[in-house]
Amino acid sequence: MTDTPSPDRSASGDGRYGSELFSSEEPGESGRIDAAALVYDPVTTHRLRALGAGPGSRCLEVGAGTGTVARWLLNEAHVAEVVALDRDTSALASVADPRLSVVTADLTDERLRPGGFDLIHARFVLMHLSERRRLVSRLADWLNPGGLLVLGDAVELPNVQDTSSAYRRTMDAMWQALRSTIGTDTSSVPAYPHYLREEGLHDVAAELLCPPMVAGSPLARFWSETWSRMRPALVATGRVDATVIDEALAYLASPRLAELGPGMMMAWGRRR
């Protein structure tokens, strides 16, 4: 077994999610996103309900994507209003609800003034933005008194005893490619509770979910489709070639699959 160097965290790209990688115009991209939603929506909505999302709340859904959480807020939590913010809101065109306001904009745009909110939720957004610490401050500033800020991003607990399997090499290549092309960085995600406290929020807490990685599951399908779409970028890292990627993809579909896949950490805090 030969050692594989750890992912390069020195070079960060300045591209954008949805431009250099994962364009919504690619066939099947919404299906890839929805596969992740099948895994993470239940824990997200459980936490939002436990934190009090419900009637009367004005909510901001940052990085609304295909709208699964926005729809839940409207149809299940029965909130008063949802502002769905994303750079690409085409998937929300079919949602006909007067309580939904769709804002096609970039969270980093300083001209953005969406007003105050009782709940702000951002999932798998900040990790892709180099200005993530400043954006936590920005989101906190948009909270109404008593309002909640809920952040969710990826965290991985890799098996340090595995440095050379096709799965490990492909996963490491993915993180390196994401960082070098669009600036993705998950290293600061465990610090989110501290960021929220620094913003003066209280009732700060966090939790980590690592859902089971089972062959044929939505989670395995999500990673398989992610790696397939990233194939040129993965090869460009020099960590893997087409043969290694094919082996990793076959492993995701195999009953031999036995991995603790990347999970999601959620952190939240309330404005006084």
Side-chain angles (χ1 to χ4, degrees), residues 1-24 26-29 31-33 35-36 39-40 124-130 132 153-191 208-265:
M1 180 178 293
T2 58
D3 289 340
T4 300
S6 60
D8 178 15
R9 298 188 180 275
S10 62
S12 180
D14 57 3
R16 287 294 190 189
Y17 186 105
S19 297
E20 281 73 14
L21 291 171
F22 310 126
S23 169
S24 63
E26 291 185 41
E29 176 60 13
R32 186 185 73 91
I33 297 301
V39 177
Y40 293 108
F124 301 138
V125 174
L126 297 183
M127 59 185 273
H128 297 301
L129 299 171
S130 61
R132 61 190 61 86
D153 266 327
V155 173
E156 186 182 17
L157 304 173
N159 175 10
V160 297
Q161 297 181 10
D162 176 12
T163 58
S164 61
S165 71
Y167 170 87
R168 185 69 259 158
R169 291 172 64 187
T170 304
M171 188 67 79
D172 286 345
M174 179 198 73
W175 292 122
Q176 180 177 330
L178 287 173
R179 182 172 177 85
S180 64
T181 54
I182 60 177
T184 300
D185 186 0
T186 62
S187 64
S188 64
V189 174
L208 175 64
L209 170 74
C210 290
M213 181 92 85
V214 179
S217 68
L219 185 60
R221 186 168 73 252
F222 169 78
W223 288 118
S224 179
E225 293 181 8
T226 297
W227 291 350
S228 295
R229 291 175 186 278
M230 290 184 66
R231 184 181 286 265
L234 296 177
V235 172
T237 67
R239 291 177 173 273
V240 294
D241 57 20
T243 300
V244 172
I245 297 171
D246 287 342
E247 182 180 345
L249 291 172
Y251 179 56
L252 287 178
S254 167
R256 298 184 300 103
L257 179 63
E259 302 291 343
L260 179 65
M264 177 180 70
M265 193 194 85

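Separating the CZ atom in R239 from the CD atom in Q176 is a distance of 4.5 Å, to the nearest 0.5 Å. Taking CD from E247 and OG1 from T170, the interatomic distance works out to 8.0 Å, rounded to the nearest 0.5 Å. A distance of 10.5 Å separates CG of L234 from CE of M171, quoted to the nearest 0.5 Å. Separation of atoms OG1 (T184) and NE2 (H128) is listed at 4.5 Å; rounding is to 0.5 Å.
In terms of the salt bridge (Lys or Arg N to Asp or Glu O under 4.0 Å) criterion, residue partners of E156 (sequence neighbours excluded) are, by chain and number, R168. Listed by chain and number, the residues in a salt bridge (Lys or Arg N to Asp or Glu O under 4.0 Å) with D241 amount to none (sequence neighbours excluded). Scanning for side-chain hydrogen bond (donor to acceptor under 3.5 Å, both in side chains) contacts around D246 gives R231, with sequence neighbours left out. Remark: A154 engages F124, M127, W175, T186 in a side-chain contact (heavy atoms from CB on, under 4.5 Å) (not counting sequence neighbours).
Contact detail for S187 and D185: the closest heavy-atom pair is OG-OD1, 2.7 Å. In this structure, A233 and A177 approach most closely via the heavy-atom pair O-CB, 3.8 Å. The two atoms that bring D153 and V125 nearest to each other are OD1-N, 3.4 Å, heavy atoms only. Between V240 and T237, the closest heavy-atom pair is N-OG1, 4.3 Å. Summarising the geometry of L126 relative to R132, their closest heavy-atom pair is O-NE, 3.0 Å, with the distance given to 0.1 Å. Closest approach of R169 to T163, counting heavy atoms only: CG-O, 4.3 Å.
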Quiz: residues 254-263 side-chain donor-acceptor pairs under 3.5 angstrom, not counting sequence neighbours:
{"residue": "S254", "atom": "OG", "partner": "R256", "partner atom": "N", "Å": "2.9"}
{"residue": "E259", "atom": "OE2", "partner": "Y251", "partner atom": "OH", "Å": "2.9"}

Distance-only criterion, 3.5 Å: show the donor-acceptor pairs between side-chain atoms of residues 208-224 and protein atoms not counting sequence neighbours.
{"residue": "S217", "atom": "OG", "partner": "V214", "partner atom": "O", "Å": "2.6"}
{"residue": "S217", "atom": "OG", "partner": "A220", "partner atom": "N", "Å": "3.2"}

